[in-house]
**Student:** 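Sharing a structure below in structure tokens format, with a few things to ask.
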Amino acid sequence: MPEFSFFTSFSDPNRRDLVARFHQDLEASIVDRVGTAAAGRGFLDEQIREGARWRTEILRGVCETPVMVALLSANYFVREWCQYEWQIMCHREAVYAAHNNLDISDVACVIPVVWNMPETVWPDWSLERQYLRNREFGPIYLQRGLSSLMRRGRSSAAYQDLVHHVAGRIIQAGQRGLTPLGVDAAEAVIAGCAPAPGPRVVDDPTRLPATKVGFVVAAVSVDELPVQRSRQMLYRRSAVDWRPFYPGRPESAWSLASSALRLDAAGDLTPYPLSPELADMLRGFLDEARADGRVVVFLLDPWSTCVERCRRALAEFDGLDHRTAGVVAVVADDETVAYADALDQRLTEVMPRKRLLGRAQAFVWHTREADEFQESVCHVVDRLQTTMLQDSERAHRDSPFIRRETEGHPWLRGPGERWSGADDDPEGEVTP
């Protein structure tokens with residue numbers, strides 16, 4: 001066995017404590033499987049002793065370990081040394097594949113794990129590798145990443161399953177035994193790397209802080225319940241007081257949604273009832289929200305499709321191609337579940353375009369539990385914010401002023417490729 005069994009590569013200096021705990025948990029899981037001979041065999045740059053030459057230590061670690069766990073975050077491919085570590089491991093994989101007459105795709109010794117950012121912000125070439133995305137790790141990891149999962153407790157079954165899975169992949173990939181690379185050869189790989197891109201500059205007002213969220217509560221009030229709806233205790237005089245998880249969770253949908261977002265940040269979280277006035281002015285309302293840098297999430301009671309004013313507003317929303325608004329629909333109580341098929345049909349009639357596109361347009365249907373509802377709200381908000389960020393970056397990139405400013409400053413496009421900022425991206429994709 002090599003001196004280290006895996007190398008943890010990361011770029012989040014503000015959460016080094018979480019990274020160290022995850023690294024330690026991986027070591028412990030490996031020990032449980034292969035015995036104490038593997039104890040302390042992981043490499044993390046936090047372990048470099050005082051006075052040591054850190055550059056040599058990092059190169060020795062990434063050149064001798066058979067596996068690298070890459071914690072992908074917002075600026076992972078912006079950080080120079082993360083790029084070096086990634087490219088060195090890719091080079092070692094290629095050398096091993098050529099020496100053993102294997103297809104390069106069969107040699108997978110880099111294990112990408114989502115740390116805290118959706119994959120859409122990473123370079124296209126990095127996404128050629130499948131990152132860790134198993135559903136059994138739960139919605140928190142799938143929608144927000146490992147750091148959010150750890151902040152909610154390392155004792156959770158989802159986190160333990162993730163650690164167990166990654167440890168197994170480390171052991172499996174490590175059995176290939178990549179040939180160690182000399183430090184001089186690693187320096188040659190580094191010399192051939194394109195310069196890491198600078199920080200992403202976005203000055204468009206649509207770039208959204210995580211706290212600017214508005215909720216449109218598309219629910220009925222107790223005074224306008226359709227006659228077939230018997231669960232009146234779920235409603236109050238105002239639609240904003242709709243409580244779909246009562247009695248299990250007596251809070252309103254609005255308060256549950258806002259508290260879910262406040263797990264990460266407190267801020268401007270404003271509810272808007274789907275009033276007759278809003279139904280008549282929905283287009284202007286959404287445009288104003290966009291101008292204000294706000295995303296809008298419809299908290300949808302499927303029974304609202306039985307009320308004409310709601311039907312009219314939702315049908316108008318369905319006709320809009322508005323990239324700052326999404327929907328979370330709730331099917332929680334027994335009565336709603338019993339009529340789910342009929343309510344689905346009403347939703348399809350009122351919102352055929354959005355209902356058909358589903359998750360691709362930041363829509364989540366049939367959340368049944370309060371926790372699932374809260375995670376779905378976070379997921380929809382993340383999708384909307386990412387979309388707005390991409391739109392503003394594209395506008396920023398297309399600006400003639402920005403083109404002149406970036407000309408002559410190569411940006412990372414892929415291994416061995418460069419993009420000057422002055423060439424059009426034919427596919428319209430955002431390139432960090």
Side-chain angles (χ1 to χ4, degrees), residues 1-10 18-45 47 58-73 76 82 85-115 119 122 125-138 141-142 145-147 149-150 154 156-181 186 189:
M1 180 175 288
E3 183 176 352
F4 305 109
S5 60
F6 68 99
F7 183 100
T8 299
S9 176
F10 71 99
L18 289 183
V19 173
R21 290 173 196 165
F22 176 63
H23 181 88
Q24 293 165 4
D25 291 341
L26 283 179
E27 287 182 333
S29 184
I30 293 172
V31 170
D32 289 342
R33 293 192 181 203
V34 302
T36 55
R41 297 285 181 167
F43 181 94
L44 185 67
D45 64 10
Q47 302 165 346
I58 290 178
L59 287 179
R60 188 169 68 90
V62 77
C63 289
E64 294 181 2
T65 53
V67 185
M68 184 174 82
V69 178
L71 302 182
L72 304 186
S73 56
Y76 181 87
C82 289
E85 292 158 6
W86 182 282
Q87 297 293 0
I88 288 171
M89 286 301 295
C90 289
H91 175 80
R92 292 181 63 198
E93 287 178 333
V95 171
Y96 180 88
H99 182 75
N100 292 277
N101 295 318
L102 297 173
D103 190 294
I104 186 63
S105 61
D106 294 332
V107 184
C109 294
V110 176
I111 305 174
V113 179
V114 180
W115 182 247
E119 72 275 12
W122 300 322
W125 55 266
S126 71
L127 297 178
E128 293 176 357
R129 290 181 183 266
Q130 178 61 52
Y131 57 90
L132 195 66
R133 194 173 174 79
N134 296 39
R135 294 188 64 83
E136 57 263 33
F137 304 146
Y141 171 75
L142 290 177
L146 174 59
S147 61
L149 181 61
M150 292 187 69
R154 294 161 64 202
S156 70
Y159 176 71
Q160 295 297 326
D161 288 345
L162 187 149
V163 170
H164 184 78
H165 179 88
V166 175
R169 285 285 295 111
I170 290 171
I171 295 170
Q172 180 185 20
Q175 291 173 351
R176 289 196 177 276
L178 289 188
T179 304
L181 190 69
V189 173

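In this text, all values refer to a predicted model and were calculated from it rather than measured experimentally.
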**Student:** Can you sort out the partners of His23 under side-chain contact (heavy atoms from CB on, under 4.5 Å), two or more places apart, ordered by chain and number?
**Tutor:** Phe6, Thr8, Glu27, Leu44, Gln47
**Student:** Calculate, to the nearest 0.5 Å, the distance between atoms CZ and OH belonging to Phe22 and Tyr159 respectively.
**Tutor:** 6.0 Å
**Student:** Please examine the side chains of Val114 and Leu132, heavy atoms only from C-beta on, and report whether any two atoms are closer than 4.5 Å.
**Tutor:** no
**Student:** Taking the side chain from Tyr76 and the backbone from Ser9, do they hold a donor-acceptor pair closer than 3.5 Å?
**Tutor:** no
**Student:** Restricting to pairs with a member in residues 88-102, which pass salt bridge (Lys or Arg N to Asp or Glu O under 4.0 Å), not counting sequence neighbours?
**Tutor:** Glu93-Arg129
**Student:** Taking side-chain contact (heavy atoms from CB on, under 4.5 Å) as the test, write out the residues that go with Asn101, two or more places apart.
**Tutor:** none
**Student:** Taking only residues two or more places apart in sequence or in another chain, which ones pass side-chain contact (heavy atoms from CB on, under 4.5 Å) with Thr179?
**Tutor:** none
**Student:** For the residue pair Leu178 and Pro66, what are the closest heavy atoms and their distance?
**Tutor:** CD1-O, 3.8 Å
**Student:** Please name all residues satisfying side chain to side chain donor-acceptor pair (under 3.5 Å) with Asp45, sequence neighbours left out, ordered by chain then number.
**Tutor:** none
**Student:** With sequence neighbours left out, what residues match Arg21 under side chain to side chain donor-acceptor pair (under 3.5 Å)?
**Tutor:** none
**Student:** Show the nearest heavy-atom pair for residues Pro112 and Trp86, with the distance to one decimal.
**Tutor:** CG-CH2, 4.3 Å
**Student:** Around His164, counting heavy atoms of other residues, nucleotides and ligands shown, do more than 12 lie under 6.0 Å from its NE2?
**Tutor:** no
**Student:** Closest heavy-atom contact between Ala167 and Leu26?
**Tutor:** N-CD2, 3.9 Å
**Student:** With rounding to the nearest 0.5 Å, note down the distance linking CE in Met68 to SG in Cys82.
**Tutor:** 8.0 Å
**Student:** Quick one, Phe7 and Ile58 - any side-chain contact, counting heavy atoms below 4.5 Å?
**Tutor:** yes
**Student:** Taking only residues two or more places apart in sequence or in another chain, which ones pass ring pair (Phe, Tyr, Trp, His ring centres under 6.0 Å) with His91?
**Tutor:** none
**Student:** Using the side chain to side chain donor-acceptor pair (under 3.5 Å) criterion, which residues pair with Tyr96? Sequence neighbours excluded.
**Tutor:** none
**Student:** Check residues 169-176 and write down every donor-acceptor pair under 3.5 Å in which the side-chain atom is one partner and the other belongs to a residue at least two apart or another chain.
**Tutor:**
unit_1	atom_1	unit_2	atom_2	d
Arg169	NH1	Gln172	OE1	3.4
Arg176	NH2	Asp106	O	2.8

**Student:** Using the side-chain contact (heavy atoms from CB on, under 4.5 Å) criterion, which residues pair with Ala98? Sequence neighbours excluded.
**Tutor:** none
**Student:** Taking the side chain as C-beta and beyond, is there a heavy-atom pair between Val113 and Leu71 under 4.5 Å?
**Tutor:** yes
**Student:** Can you measure from CD1 (Ile111) to NE2 (His165) and round to the nearest 0.5 angstrom?
**Tutor:** 8.0 Å
**Student:** Supply the atom-to-atom distance Met150 CE to Trp115 CH2, rounded to the nearest 0.5 angstrom.
**Tutor:** 5.5 Å
**Student:** Within this structure, what is the CE-SG distance for the pair Met89 and Cys63, rounded to the nearest 0.5 Å?
**Tutor:** 9.5 Å
**Student:** Nearest heavy-atom pair of Val163 and Ser29: which atoms, and what distance?
**Tutor:** CG1-CB, 3.9 Å
**Student:** Under a 4.5 Å cut-off applied to non-hydrogen side-chain atoms, are Leu18 and Leu146 in contact?
**Tutor:** no
